[in-house]
Protein chains: 2
Amino acid sequence: MPTPDRTSLDEIVRAGRDLLESEGLSGLSMQAVADRVGVRAPSLYKRVRSRDDLIRLISEATLAELAARLDAVASAEPQADPVDRLTQLAHAVRAFARSGPEAYRLMFSPPSEGSAASPESIARSAAAILSVAAELAGPDDALDAARTATAWTTGFIGMELAGGFRLGGDVDQAYAYGIARIAAALDRRAG
Amino acid sequence: MPTPDRTSLDEIVRAGRDLLESEGLSGLSMQAVADRVGVRAPSLYKRVRSRDDLIRLISEATLAELAARLDAVASAEPQADPVDRLTQLAHAVRAFARSGPEAYRLMFSPPSEGSAASPESIARSAAAILSVAAELAGPDDALDAARTATAWTTGFIGMELAGGFRLGGDVDQAYAYGIARIAAALDRRAG
DNA sequence: ACCTGAACACCGTTCAAGT
DNA sequence: ACCTGAACACCGTTCAAGT
């Protein structure tokens, strides 16, 4: 006789994300997730292969949200100058990271191989930046340019989240300075 | 009656680093470290406050090594063009990261607050880059320029180590492309 | 002064037994 | 078909007892 479902994969992933953000990665235990969704820990394994798998699902969900956010920004003003659009994208990534720092970090530094998001979802979240990079640097250099912009963005935000900017100075201004330099450097019109 | 020392802090940190590199962060257990140095796990707490503290010590040691490496590169050809020197520094960081990827990742994404390296040692490892950045961008923009270069470098390498470059293309070439663009963008002589 | 075994409170995960 | 308690093999850490 079937038992009525007492939870769902969605609820588990959502609970995991909340827990990750409020308690950090070490607080994301199967027990804690089970408590949140009102089930015993072993029951989670009906919907999730392992804790690593749960972490991967959280990464995947976060990545999808980021991709949606960036798509919205990119398509908001399709006519705007590509330098401005790249700048807006970079600011959107930073705002997203600040709204959920733990989940953001998870995307870019998975604690294990099995918890890394799939190449497909990574590619999807890079689409908006790739398209602006193509406009800026031209089709031949689009991939390299997108990588340069993405590397700088994730590097800056990663250092910021890790508390790496303790030499003083205005971090917001450093971000603005950086994105302006990067955008100009990638702009083929500038030569 | 005192017992002769059966291990030392240095040996523990070294064993921890080896273990980290060969087994990953999750393989870096107090038990495994104790086995390596020939002691029982509780004895480690005579020299180390906690596992987090051991991780911090490993980060600190790695950071000191990186700083020494970069100092050596920076002072090898003091007369060279700053663009070339920044390029060499960037390549040195990447080579260092590849020689010990797990320890490298630890420096830039500490798994917890207590395992982060001290601001002082971070500042020390940034000295070489800061000095080239000052030459390139001028004293007023030195800090912002150093942050831009560092963010790009750590971001690129972090993505590479996380396996984030699966869209194809030549990653070595993307690195060369990026550092050339960044160096040119920071160079005030180019304007 | 250092080292140890025993113990504590946790983990992630498996599995037979329940409904 | 889902859920559970019990169990297993691990953790990090503390502490009294040994030398």
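Please read these numbers as outputs of a predicted model, since none were measured by experiment. In what follows, chains carry the letters A, B, and so on, assigned in the order in which the sequence lines appear, proteins first and then strands, with residues in each chain numbered from 1. Heavy atoms only: backbone and side chains are in, while hydrogens, waters and symmetry mates are out.
With sequence neighbours left out, A:R105 forms a salt bridge (Lys or Arg N to Asp or Glu O under 4.0 Å) with no residue at all. Residues passing the salt bridge (Lys or Arg N to Asp or Glu O under 4.0 Å) test with B:R124 are B:D71, sequence neighbours excluded. Partners of B:E102 according to the salt bridge (Lys or Arg N to Asp or Glu O under 4.0 Å) rule, which considers only residues two or more places apart in sequence or in another chain, do not exist here. The salt bridge (Lys or Arg N to Asp or Glu O under 4.0 Å) test applied to A:R49 returns no partner, not counting sequence neighbours.
Residue pairs that meet the salt bridge (Lys or Arg N to Asp or Glu O under 4.0 Å) test with at least one member in residues 154-179 of chain A, sequence neighbours left out, are A:R94-A:E160, A:R94-A:D172, A:R98-A:E160, A:R98-A:D172.
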Contacts under 3.5 Å, N or O only, protein and nucleotides 2-8 of chain C:
| from | atom 1 | to | atom 2 | distance (Å) |
| --- | --- | --- | --- | --- |
| C:dC2 | O2 | B:T3 | OG1 | 3.4 |
| C:dC3 | OP1 | B:R6 | N | 2.8 |
| C:dC3 | OP2 | B:R47 | NH2 | 3.1 |
| C:dT4 | OP2 | B:R40 | N | 2.9 |
| C:dT4 | OP2 | B:S43 | OG | 3.1 |
| C:dG5 | OP2 | B:R40 | NE | 3.1 |

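A salt bridge is absent between B:E21 and B:R17; no separation between the charged side-chain nitrogens and carboxylate oxygens falls under 4.0 Å.
Taking atom CD of residue B:Q31 and atom C1' of nucleotide D:dA9, one finds them 11 Å apart after rounding to whole Å. In this structure, CZ of B:R51 is placed 15 Å from P of C:dC11, rounded to the nearest angstrom. In this structure, the CZ atom of B:R49 is 17 Å from the P atom of D:dG12, given to the nearest Å. A straight line from CG of A:D35 to C1' of C:dC11 spans 13 Å, rounded to a whole angstrom. Computed from coordinates, the A:L25 CG to D:dC11 C1' distance equals 15 Å when rounded to whole Å. What separates CE of B:M30 from C1' of C:dC11 is a distance of 17 Å, to the nearest Å.
Base-pairing analysis of DNA chain C finds the following stems of at least three consecutive Watson-Crick or G-U pairs, with both pairing distances under 3.5 Å: C:4-8 with D:12-16, C:12-16 with D:4-8.
With a 4.5 Å cut-off between side-chain heavy atoms of Ile, Leu, Val, Met, Phe, Trp and Tyr, the cluster of B:L25 takes in B:L9, B:I12, B:V13, B:L19, B:L20, B:L28, B:M30, B:V33, B:V37, B:V39, B:L44, B:Y45, B:V48, B:L54, B:I55, B:L57, B:I58, B:L106.
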Would you be so kind as to tabulate the donor-acceptor pairs closer than 3.5 Å made by side chains of residues 80-92 of chain B, with sequence neighbours excluded?
| from | atom 1 | to | atom 2 | distance (Å) |
| --- | --- | --- | --- | --- |
| B:D81 | OD1 | B:V83 | N | 2.8 |
| B:D81 | OD1 | B:R189 | NH2 | 3.4 |
| B:D81 | OD2 | B:R189 | NH1 | 3.4 |
| B:R85 | NH1 | B:E135 | OE1 | 3.4 |
| B:R85 | NH1 | B:E135 | OE2 | 2.6 |
| B:R85 | NH2 | B:A74 | O | 3.4 |
| B:T87 | OG1 | B:V83 | O | 2.8 |

